[in-house]
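Down below is the structure, laid out as structure tokens.
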Amino acid sequence: MFDSGLIWFILGILFVLIAASAKVWAEDLKLNMNWWKWILVALWYGLLNFTIAVPFTFWGENENKGALSLLLFLGIITIILGIGLFSFLWSKRAVESNKQVTS
Amino acid sequence: MSEKPTNTNSLSRRSFLKIGGAAAAAASLGSIAAVSYVAGADYDSYTGWEDVFEGGAQFFDRTPFEVAKPTYEVVGETRRISIVDQSFGRHGLLRPVRTAWVEETGWKEADGLEAAVEGIRERLPEVSPDLAEFYSQEENAKKLELDLLRQLIYEPQQRRDSAAYDQRFELAMAWGSAWGAVRPASPDTPPEEWDFRGMRAEPLVPKSEEKASQLIKKAAHTFGATLCNIGPLNPDWVYANNVRGGEPGPFDIPEWWQTAIVVTTPHEWDQMYANPTYGTSSDAYARSSIAGARLAAFIRSLGYAARLHSPNNGYDVVVPPICIDSGMAQQGRFVYSIAPELGANHRPAVVTTNMPLKHDKPIDFGVHEFCKACKICAEQCPSGAISFSDEPDTVVRGYKRWALDLEACYNFWGQVLGNGGCRVCLAVCPYSRKDNWLHSLSRTVSTSDPTDLADKGLIWMQENFFEFPDVKDYYPPTYGGTNASYRNGPEWMRVEEYFDVDVTW
């Protein structure tokens with residue numbers, strides 16, 4: 001199944017669902033998203049998928065040490081960037097909220 | 001009253017979407033992991049072994065990388081290579097001389113190698129003037145000792161080591177030798193006869209050289225070639241003496257050896273990765289040789305002379321530089337050729353012909369710059385034969401390149417156990433990677449990045465994140481090693497899994 005076109009069809013459906021869901025999450029968290037913030041989020045999500053895909057490809061190649069090393073290496077980078085991105089989006093939310101309170 | 005249920009439903013839909021999205025994110029990451037694992041393990045990711053039989057599954061567009069001249073540098077007077085210049089040919093000439101001398105004198109290992117070197121050096125001028133002249137040259141002064149070290153010390157020890165340790169590799173050796181069961185015939189008549197066997201009396205005239213080249217490549221793929229390139233035949237790549245099927249001694253290059261068609265195939269992936277012990281040269285040797293033999297017969301049937309030069313029926317030409325001239329590959333640090341699709345994992349054969357064909361242009365896809373930064377093959381070479389120099393550091397018959405200590409390389413073959421030969425440099429070369437999304441991406445980035453930063457990053461990751469055996473472990477225990485291979489042999493080559501064999505180490 002995982003080497004067929006069907007999996008990409010299913011993944012396409014999942015990605016649409018994720019995108020629709022992300023919009024709702026952002027609204028409920030009052031993140032004040034705009035186009036470039038969405039691009040940053042999409043890039044980070046791409047990095048997250050890359051971080052999963054690279055080590056698992058190497059595991060498939062029986063390169064166990066390389067897979068684990070790259071999972072740690074890329075995982076740490078992805079987590080740091082993810083926390084940084086969310087903090088940034090959250091801080092912007094706070095600024096917007098403060099502005100509303102001030103006004 | 002009527003708005004309340006509507007609000008509740010709206011909230012419920014949002015919650016459902018949020019929870020569903022989170023679940024979808026988890027499911028997609030799991031699917032990506034599974035898809036990636038399959039991409040790494042799938043047989044279709046073995047370079048050259050994809051599901052398209054006739055080659056071309058791993059297409060690399062050479063056009064952007066075409067250059068006017070081959071990428072090697074000529075720095076002096078060039079000349080054709082002699083049989084004695086290369087280890088195989090020299091050992092072939094030396095072996096009967098050595099055998100006769102040992103039988104005559106009753107030499108034993110305890111008598112010391114030095115005595116044999118002196119005795120055989122004295123004998124050579126009368127029995128093999130070519131060898132005598134070669135060994136008398138200043139730059140070759142040590143080579144007789146090194147060649148005899150292999151024949152008189154390493155090879156007998158290798159036979160003893162084999163009896164003690166080779167049980168583990170019985171299946172791999174059986175598989176390797178089976179590939180040699182079918183092989184094209186070696187020339188036993190001079191080129192003016194052999195190259196014209198079964199030839200059509202009147203040649204079919206091609207509509208154009210370009211059309212003829214397209215046809216030849218198409219046919220080569222149907223005959224089993226993974227890659228096929230066509231180039232000119234530089235006379236410097238033709239051996240200077242002992243043409244197959246002819247009289248020993250110098251020979252003039254036949255006028256119909258105008259064009260060189262290179263066909264190549266990769267090794268079976270898992271065995272290649274398990275060099276030097278489980279791996280073999282025989283599989284790709286046989287596939288390329290047979291594809292080349294079919295192609296030569298095809299060309300003769302079209303009315304043109306054709307001669308195969310292959311691992312299984314012998315050579316009158318040196319093949320790696322022809323790979324470079326024909327745009328199939330570039331020369332790497334370890335001197336052999338690196339193709340964009342297969343890396344170092346390929347074994348070429350050549351068909352020389354006078355059929356009018358359009359020649360492919362040489363390519364430069366950045367191997368030289370990559371190899372300057374990457375020294376993994378040199379670091380992993382069990383015999384230390386590969387140069388660590390940043391720049392090409394030797395001149396061979398007028399051509400500048402990285403140095404390769406052929407005697408050290410070949411002598412290790414006389415020590416290592418398993419299937420014979422070494423090929424660790426093929427396995428560890430970063431260009432020798434599978435055909436999946438990850439390595440295709442790496443290749444694309446590496447070849448299109450003019451700053452070399454991508455190369456340096458990829459090499460850094462390769463050196464720091466991946467596992468490499470200790471170099472001495474490639475040797476048998478006699479020499480302090482553990483009979484290691486670069487990666488474990490595939491499950492189906494582990495003899496202990498299938499046969500009642502006592503593997504004691």
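Just so it is clear: chains get the letters A, B, ... in the order the sequence lines come, proteins before strands, and each one is counted from 1. On a predicted model such as this, the values are computed, not experimentally measured, just so you know.
- The only member of Ile52(A), Thr57(A), Asn49(A) that meets side chain to side chain contact (heavy atoms under 4.5 Å, CB included) when paired with Ser36(B) is Thr57(A).
- Of the two parts of Arg487(B), only the side chain, counted from C-beta on, holds a non-hydrogen atom closer than 4.5 Å to a non-hydrogen atom of chain A.
- Annotation: Tyr486(B), atom OH; neighbour count of heavy atoms from other residues, nucleotides and ligands within 6.0 Å is above 12.
- The minimum heavy-atom distance between Ile18(A) and Gly21(B), with the atom names listed, is CG1-O, 3.8 Å.
- When every heavy atom of Ala53(A) is checked against every heavy atom of Trp437(B), the shortest pair comes out as CB-CZ2, 3.6 Å.
- Within the 4.5 Å cutoff, side-chain heavy atoms of Arg14(B) are placed close to those of Asp28(A).
- In this structure, the portions of Val35(B) lying under 4.5 Å from any heavy atom of chain A include both its backbone and its side chain.
- Using a 30° and 60° split on the angle between ring planes, Trp460(B) and Phe73(A) fall in the tilted class, from 30° to 60°.
- Chosen from Asp42(B), Ile32(B), Asn488(B), the residue pairing most often with chain A at heavy-atom distances under 4.5 Å is Ile32(B).
- Looking at Leu29(B), both its backbone and its side chain come within 4.5 Å of chain A, counting heavy atoms on both sides.
- The environment of NZ in Lys65(A) is crowded: more than 12 heavy-atom neighbours from other residues, nucleotides or ligands sit within 6.0 Å.
- The residue among Ser28(B), Ala27(B), Gly20(B), Ala23(B) with the most heavy atom pairs within less than 4.5 Å of chain A is Ser28(B).
- With contacts defined as side-chain heavy-atom distances shorter than 4.5 Å, the pair Glu61(A)/Trp269(B) does not qualify.
- With contacts defined as side-chain heavy-atom distances shorter than 4.5 Å, the pair Ile7(A)/Ser31(B) qualifies.
- A distance of 6.0 Å separates CG in Leu441(B) from CZ in Phe50(A), rounded to the nearest 0.5 Å.
- In this structure, the separation between CG on Leu29(A) and NZ on Lys18(B) is 6.5 Å, given to the nearest 0.5 Å.
- Of the listed residues Trp25(A), Trp59(A), Tyr45(A), the one with more heavy-atom pairs under 4.5 angstrom with chain B than any other is Trp25(A).
- Remark: Trp492(B) CH2 is packed, more than 12 non-hydrogen atoms of other residues, nucleotides or ligands lying under 6.0 Å away.
- In this structure, Phe466(B) and Leu70(A) have side chains that are in contact, with non-hydrogen atoms separated by less than 4.5 Å.
- By the neighbour-count criterion of 12 heavy atoms within 6.0 Å, atom OH of Tyr43(B) is densely surrounded, having more than that number from other residues, nucleotides or ligands.
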